[in-house]
Every structure is written in C-alpha cells, then in structure tokens.
Amino acid sequence: MSAAGPLSASELGADLGMADGQAITIADGRAPARGSGSWSRGCDGLAVRGNRVLGATVRWQGGGVDVAAVVEEKWGLGVQGVEELTGGMNSAAWLVVGDGGPVVAKVVEAGDLAFGAGLELAGRLGDAGLVTGRPVLSRAGRVVERVGGRQVGVLEFVEGVPLEGAAADQVAIGTTLGRVHEVSSTAPGGLEDWLQLVTQFDEWLDLEEWIRPAVATALDGVRELNGLSWAWLHGDPAAEAFLRQRDGTIALIDWGSAMRGPILYDVASAVMYAGTAEHVVRAYVEKQQQAADEIESGLEAFLNLRYAVQAGYFAWRCSTDVRTGLTDPAENRKGLADARPAFGF
C-alpha cells in the first residue's frame with residue numbers, strides 16, 4: 001500500500017495491534033466517515049474507511065481547529081496520523097494515532113455546556129471501574145481545551161462491537177445503566193429547571209400543529225410525578241453507545257449528552273431505542289431494586305417526555321436548517337416524523 005493510499009479495515013486494525021480482519025469501533029461510538037476512499041468490512045460487519053497517511057501528520061481542519069496541531073501542543077502527544085470519524089449530531093471526531101497508541105479527539109461548539117461535564121462524568125465512572133472512553137488530561141490538567149472558538153477533548157480509545165436489538169443486548173444495556181446510576185446517584189434537583197431540556201425549543205414548536213400540544217401533554221405528565229430519583233445520566237443511551245469488548249465487558253461511551261437529572265429519563269431513552277421495556281427494565285431493576293415502583297408508575301410519562309425532546313430537537317433543526325451529523329437534510333424531517341406516532345398523531 002502506498003503511503004497516501006486508503007487504509008482497509010484489516011490494515012487499520014493491524015496498525016492498532018488488532019487481529020487481522022477484525023473490525024473496530026471508535027470511542028465516539030461511531031464508525032469512520034463515509035466519503036472518498038475505500039470501504040472494507042471486518043468479520044463483525046462494521047464498516048471502516050481508510051483515509052489517512054501513515055508515518056506523517058495529517059492536518060485535518062475540523063471546525064476551524066487544526067486537530068493534529070492541537071493534540072501535539074495541548075496534550076503533548078506525538079501524532080503519526082489522523083482518521084476522520086463520523087461526527088455525532090453536535091460534534092466532529094477524529095481517531096488520532098500517536099506515539100502512545102490511539103486516542104480520539106472530539107470538537108464541539110464553545111457553547112456546548114454538556115461536553116466538559118460529560119467528559120468529567122466519564123472520568124469518574126472510569127475510576128469506579130466502568131469502561132467509558134474517559135478523557136485524557138491536557139498538559140494543563142484539563143479535560144477540555146478551548147481553541148479557535150471551539151472546545152476540544154481527547155478521549156481514550158475504546159475497542160468493541162456495538163450492541164444491537166437482541167434480548168441479550170437489551171439486558172446488557174439495562175444492567176450497565178443500573179451500574180452507572182448506582183455510581184452517579186445524586187440529590188434531586190429542580191424539576192422545572194431540568195425540563196428546560198424540552199422548553200428550550202419553545203420557539204420552534206409551531207413548525208407542525210401537533211408538536212406544541214404533544215410537548216405540553218408530556219411536560220404535564222412528568223410534573224405530576226413525585227419522589228423522582230436523580231443521578232448523573234448518560235442522556236442518550238442508544239444501543240450503539242454500548243460496546244461489547246473481547247472479554248465480554250460492556251463499555252458505555254459517547255457522553256456528549258450527559259446531564260444531572262431523573263434516572264427515569266435514561267431508562268425511558270433506552271426503552272425507546274429498544275422498542276420494548278421488557279428486557280431493559282428487568283435488568284435495570286436487578287441492579288436498582290429500589291427503583292422498581294418508580295419505574296412502574298413513571299416510565300410511560302418519561303417515554304412521552306423523551307419523544308417530546310426528540311420532537312422539539314428536530315423541530316429546531318428543521319427550522320434553522322442545522323445539518324451537523326447528517327448526510328441528507330431530509331433526515332431532520334424523518335427524526336421529527338419518528339416522534340409523532342408516540343402521541344397518537
């Protein structure tokens with residue numbers, strides 16, 4: 001292979017000390033970006049695109065940030081290559097191969113208040129024994145550095161295969177979330193302040209006539225609940241954020257939506273993604289038995305709230321033509337449409 005040629009899945013895996021043909025997943029929970037370059041599939045069926053130069057620094061310009069230069073200057077890591085990854089809905093990410101092994105660099109907007117908090121939470125949970133893709137501290141001892149009007153973090157690389165929809169995977173998700181909330185339990189906060197998670201989108205709720213009444217109904221349902229337990233939450237526990245590692249351990253990564261809030265929000269989010277409560281809830285309650293009654297009485301209300309968040313979020317994205325993380329602008333409309341059936345419209 002020429003130095004400037006595309007890197008296949010097996011070649012990238014070999015460069016990272018992995019077995020030939022083994023597919024990889026990146027610690028942002030995402031596969032490398034679609035675009036120019038070749039695609040290969042490892043034995044697990046995960047797509048990997050090679051598009052970096054071995055033995056040299058590639059100066060990717062990510063949101064105005066020279067990623068390799070920042071990692072070298074702020075983190076003191078020698079950079080041999082940089083691989084662009086598919087970004088999240090609100091971020092951009094790169095696999096950085098350096099002298100000390102692979103890490104992930106992630107860039108978000110300066111105003112993203114959840115970014116630093118999520119990295120700190122990943123660090124605390126990592127210290128408690130969970131595998132989280134925790135932050136690598138900069139030379140200044142910070143989890144986040146501000147560069148060029150952006151926030152930059154460097155995370156530990158986490159290898160693994162994303163969970164899917166099988167019953168066993170749903171059990172693993174429930175068990176892992178129960179462990180997270182066990183470690184991160186905190187005193188309850190102000191519910192109305194927390195509900196800004198939804199109300200922040202008020203300006204855009206008239207995009208379609210069903211959105212505002214649906215959101216109002218969801219908010220009222222949660223306000224009627226009492227005695228909610230709080231913890232630091234993952235915030236977006238989709239199956240692909242959970243990685244099964246070689247030894248069977250489940251890692252939970254991608255902490256960009258982390259927040260302090262009612263545990264039912266994480267549980268409802270996991271149930272929404274799974275499409276059923278059966279396995280996720282049973283496994284969660286085995287770890288958090290004291291939450292059984294709370295889940296029985298409040299899960300439906302928080303499922304409605306979770307769909308209300310989705311409706312508000314995509315109403316905002318549609319109204320302001322935000323396309324971060326998308327290959328097709330129509331995906332914003334699909335995200336909005338996917339929330340609608342939950343409210344009977």
Exam field: side chain T249 to backbone Q245, donor-acceptor pair closer than 3.5 Å: no
Donor-acceptor pair between E294 and S229 side chains, under 3.5 angstrom: yes
E331 and R323 ion-paired at < 4.0 Å: no
A270 to P237 - nearest heavy-atom pair and separation: N-CG, 3.8 Å
pair L197-V309: side-chain heavy atoms closer than 4.5 Å: yes
Whether H234 side chain and D254 backbone form a donor-acceptor pair below 3.5 Å: yes
A315 versus S319, closest heavy-atom pair with distance: O-OG, 2.8 Å
Hydrophobic cluster identity match, V108 and L113, side-chain contacts under 4.5 Å: no
Results of side chain to side chain donor-acceptor pair (under 3.5 Å) for N226 - residues two or more places apart only: none
Validation row: F302, L228 side chains within 4.5 angstrom (heavy atoms): yes
By side-chain contact (heavy atoms from CB on, under 4.5 Å) - contacts of R244 (at least two apart): L163, D169, A172, I250
V281 side chain near L299 side chain, heavy-atom distance below 4.5 Å: yes
Main-chain N/O of A110 paired to Q151 side chain as donor or acceptor, under 3.5 Å: yes
In one Ile/Leu/Val/Met/Phe/Trp/Tyr side-chain cluster, 4.5 Å: M259, L219: yes
Distance under 6.0 Å and angle within 45° of ring axis: R124 vs W232: yes
Linked, directly or transitively: L191 and L305 (ILVMFWY side chains, under 4.5 Å): yes
Side-chain touch L77/V103, heavy atoms, less than 4.5 angstrom: yes
4.5 Å side-chain heavy-atom contact, E278 and Q170: no
Joint cluster assignment, F345 & I211, ILVMFWY side-chain distance < 4.5 Å: yes
Check: A231 main-chain N/O paired with R260 side-chain donor or acceptor under 3.5 Å: no
Trace of the side-chain contact (heavy atoms from CB on, under 4.5 Å) decision for F157 with L95: CA-CA 8 Å; F157 173 87; L95 174 65; 3.7 Å; yes
D328 and K334: CA distance, side-chain angles, deciding distance, salt bridge (charged side-chain N to carboxylate O under 4.0 Å, His left out) verdict: CA-CA 10 Å; D328 182 351; K334 182 181 184 303; over 6 Å; no
Donor-acceptor pair, side chain of R212 and main chain of D202, under 3.5 angstrom: yes
Test side-chain contact (heavy atoms from CB on, under 4.5 Å) applied to V154 and L137, step by step: CA-CA 8 Å; V154 173; L137 296 181; over 6 Å; no
Gap between atom CD1 of I173 and atom CZ of F242 - 0.5 Å precision: 5.0 Å
Residue pair R306 / Y273, side-chain donor-acceptor N/O under 3.5 Å: yes
Least distance between heavy atoms, G235 atom then S269 atom: O-OG, 4.4 Å
Centroid separation W194 to Y265 less than 6.0 Å: yes
Minimum side-chain heavy-atom gap L207-F314 below 4.5 Å: no
Minimum heavy-atom distance between W230 and P188, given as atom pair plus value: CG-CA, 3.5 Å
Side-chain heavy atoms of L336 within contact of E208, under 4.5 Å: yes
Check: W94 main-chain N/O paired with E83 side-chain donor or acceptor under 3.5 Å: no
Inter-residue atom distance L155.CG - T132.OG1, 0.5 Å rounding: 9.0 Å
Hphob cluster co-occupancy, V171 + L130, side-chain heavy atoms under 4.5 angstrom: no
Point-to-point distance, once rounded to the nearest 0.5 Å, from CD of E182 to CD of Q290: 8.5 Å
Backbone of V322 reached by a side-chain donor or acceptor of N332 within 3.5 Å: yes
Distance, nearest 0.5 Å, that separates CG of D220 from CG of L225: 11.0 Å
Within 6.0 angstrom of E300 CD, more than 12 heavy atoms from elsewhere: no
Non-neighbouring partners of E109 that pass salt bridge (charged side-chain N to carboxylate O under 4.0 Å, His left out), sequence neighbours left out: R150
Closest contact, heavy atoms only, A114 versus A258: CB-O, 3.8 Å
Worked verdict on F115 versus V144 for side-chain contact (heavy atoms from CB on, under 4.5 Å): CA-CA 8 Å; F115 185 54; V144 173; 3.8 Å; yes
Plane angle bin for Y313 and F201 - parallel if under 30°, tilted between 30 and 60°, otherwise perpendicular: perpendicular
E159 vs L243, side-chain contact (heavy atoms from CB on, under 4.5 Å): CA-CA, chis, key distance, verdict: CA-CA 8 Å; E159 177 193 343; L243 306 181; over 6 Å; no
Short side-chain to backbone donor-acceptor contact, S185 and H181, under 3.5 Å: no
Nearest-0.5 Å distance, NZ of residue K287 to CZ of residue R282: 15.0 Å
Backbone N/O of L233 and side chain of D266: donor-acceptor pair under 3.5 Å: no
Point-to-point distance, once rounded to the nearest 0.5 Å, from CD of E145 to CZ of R139: 10.5 Å
Side-chain H-bond candidate by donor/acceptor type, Q80 with D99, under 3.5 Å: yes
Heavy-atom pair of closest approach, residues V143 and G116: CG2-O, 4.2 Å
Check: Q288 side chain, V285 main-chain N or O, donor-acceptor pair, under 3.5 Å: no
Heavy-atom neighbours of D127 CG exceed 12 at 6.0 Å: yes
